[in-house]
There are 2 protein chains.
Amino acid sequence: MPTSSNISAGYRRLTEHGIKPSLQRLAIMDYLMEHRTHPTVDAIYSELSPSMPTLSRTTVYNTLKLLVDKGAVLQITIDEKNCRYDAATEPHSHFRCIGCGSVEDLSIAPPMISPALLGGREITDTELYLLGYCPSCAATRRKG
Amino acid sequence: MPTSSNISAGYRRLTEHGIKPSLQRLAIMDYLMEHRTHPTVDAIYSELSPSMPTLSRTTVYNTLKLLVDKGAVLQITIDEKNCRYDAATEPHSHFRCIGCGSVEDLSIAPPMISPALLGGREITDTELYLLGYCPSCAATRRKG
DNA sequence: TTTAAAATTGTAATTATTACAAATCTGATG
DNA sequence: CATCAGATTTGTAATAATTACAATTTTAAA
């Protein structure tokens, strides 16, 4: 069933943030909005590369930097190995399994911090990261 | 004024966590307990190297990995460039200025999440990261 | 068309981290 | 004290993530 418009959610997100929607930017933005997997740069590149053979890894880096700078996507640093990217807009938190490395959303809004506790700092982003074992890894640990 | 004992806080922290207190481990642990600056590997190496000329960067990496694995210090991933380390034990949060890059403690306990919201995940660590502008960088931005 | 600016690309460089084998240290034992 | 095994440290080389940068391509205005 076709939607009422072929202007993608990614297109809207880009233009809303003052980003010119080139083919590459659109592909990356759409990918992030359709795959809430907190992908790494390499994951995005590997996924898009087949259907966009001229895509360069550098473009993925450049684009993600632009998207983050313009506030169109969020950079997640829960994984010390490499950055991950998230296009979700609702307040939520992240969980990383220290067994298998998966990163998942939790629908838990990070706490709102009262200005009194912030000593004049201006907060632009609040990230709540939970680390531990996913159900499957927790079970494995208990058994063998 | 001498204290009642020359066994350092670092020594105690190491042995409490089942870590044999070698000279290098002790120096690193003491450094972390005396400098609550969330130093990077390189900062620790650069600070200790003069008074411990044979110290190797690899040893700093090895030791921090050991300390983190044994739960003697915390690894902070608020800075996407490199890991930082924290020996504080009281529940607290971290702030990073996106202007100047400084990382500071905030005496705000991360929220306790009810098991019902965690879907069988076992949480071992909760990190609350606030990003924004420190008072000085905020002022600079407003003016020029 | 022409042209200038913006965007993309590929390569090379840089930086953080890890792998690993050799050297050194430690502490127990004869 | 001398020996020895295991643990620890060290330096170098390898890997991985990211950035710098110059050349090419695309875009869109004149």
Side-chain angles (χ1 to χ4, degrees), chain A residues 10-11 14-15 17-31 38-70 72-85 96 98 101 103, chain B residues 10-11 14-15 17-31 38-70 72-85 96 98 101 103:
Chain A
Y11 185 96
L14 290 177
T15 52
H17 287 84
I19 301 166
K20 188 153 86 174
S22 72
L23 221 54
Q24 289 85 344
R25 291 171 178 173
L26 202 46
I28 293 168
M29 189 72 249
D30 277 337
Y31 182 82
H38 317 96
T40 63
V41 168
D42 242 61
I44 297 170
Y45 174 75
S46 302
E47 287 292 308
L48 296 182
S49 197
S51 59
M52 199 177 234
T54 71
L55 182 66
S56 150
R57 217 177 296 263
T58 297
T59 299
V60 180
Y61 275 103
N62 290 344
T63 300
L64 288 169
K65 185 176 182 1
L66 178 71
L67 298 183
V68 170
D69 287 352
K70 298 285 188 178
V73 312
L74 226 55
Q75 196 174 39
I76 307 295
T77 64
I78 198 173
D79 179 355
E80 67 268 25
K81 300 282 177 189
N82 38 33
C83 286
R84 291 163 174 274
Y85 297 87
R96 180 164 67 90
I98 54 185
V103 174
Chain B
Y11 185 96
L14 290 177
T15 52
H17 287 84
I19 301 166
K20 188 152 87 174
S22 73
L23 223 52
Q24 289 85 344
R25 290 170 180 174
L26 202 46
I28 292 167
M29 189 71 248
D30 276 338
Y31 183 82
H38 317 94
T40 62
V41 167
D42 242 62
I44 297 171
Y45 174 75
S46 303
E47 288 292 308
L48 296 181
S49 197
S51 59
M52 199 177 233
T54 70
L55 182 66
S56 150
R57 217 177 296 263
T58 298
T59 298
V60 181
Y61 275 103
N62 290 343
T63 300
L64 289 169
K65 186 176 182 0
L66 179 71
L67 298 183
V68 170
D69 286 351
K70 298 286 188 176
V73 313
L74 225 56
Q75 197 174 39
I76 308 295
T77 63
I78 198 173
D79 178 355
E80 68 269 25
K81 299 283 176 189
N82 38 32
C83 286
R84 291 163 174 274
Y85 297 87
R96 179 163 68 89
I98 54 185
V103 175

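What you see is a predicted model; the values in this text were computed from it and never measured. Letters go in sequence order (proteins before strands), and every chain restarts at 1.
- Of the candidates D30(B), L66(B), I28(B), L67(B), L67(B) is the only one forming a side-chain contact (heavy atoms from CB on, under 4.5 Å) with L14(B).
- Distance check, rounded to the nearest 0.5 Å: CG of L55(B) to CD of E47(B) gives 12.0 Å.
- For the contact set between residues 53-69 of chain B and DNA chain D, defined by any heavy atom under 4.0 Å, the members are T54(B), L55(B), S56(B), T58(B), T59(B), N62(B).
- Taken residue by residue, residues 75-83 of chain A places heavy atoms nearer than 4.0 Å to DNA chain C at K81(A).
- Note that CG of N62(A) is 9.0 Å distant from CZ of R25(A), once rounded to the nearest 0.5 Å.
- Among all heavy-atom pairs drawn from C83(B) and Q75(B), the shortest one is SG-NE2, 3.4 Å.
- Residue M29(A) holds its CE atom at 9.5 Å from CD1 of I44(A), rounded to the nearest 0.5 Å.
- The side chain to side chain contact (heavy atoms under 4.5 Å, CB included) check on D79(A) picks up K81(A), N82(A), R84(A), R96(A), with sequence neighbours excluded.
- The structure places OG1 of T15(B) at 9.5 Å from NE2 of H17(B), a figure rounded to the nearest 0.5 Å.
- At distances below 3.5 Å, at least one donor-acceptor pair connects side-chain atoms of T77(A) with backbone N or O atoms of T77(B).
- The nucleotide range of DNA chain C contacted by chain B, defined by atoms under 4.0 angstrom from heavy atoms of the protein and reported 5' to 3', is dA16(C) to dC20(C).
- For dT27(D), neither phosphate oxygen OP1 nor OP2 lies less than 4.0 angstrom from any side-chain nitrogen or oxygen of S22(A).
- Put simply, CD1 on I28(B) is 13 Å from P on dT8(D), counting in whole angstrom units.
- When the side-chain nitrogen and oxygen atoms of Q24(A) are compared with OP1 and OP2 of dT26(D), none of them lie within a distance under 4.0 Å.
- Sorted by first then second residue, the side-chain hydrogen bond (donor to acceptor under 3.5 Å, both in side chains) pairs that include residues 49-59 of chain B, not counting sequence neighbours, are D42(B)-R57(B).
- K20(B) meets the salt bridge (charged side-chain N to carboxylate O under 4.0 Å, His left out) test with no other residue; sequence neighbours excluded.
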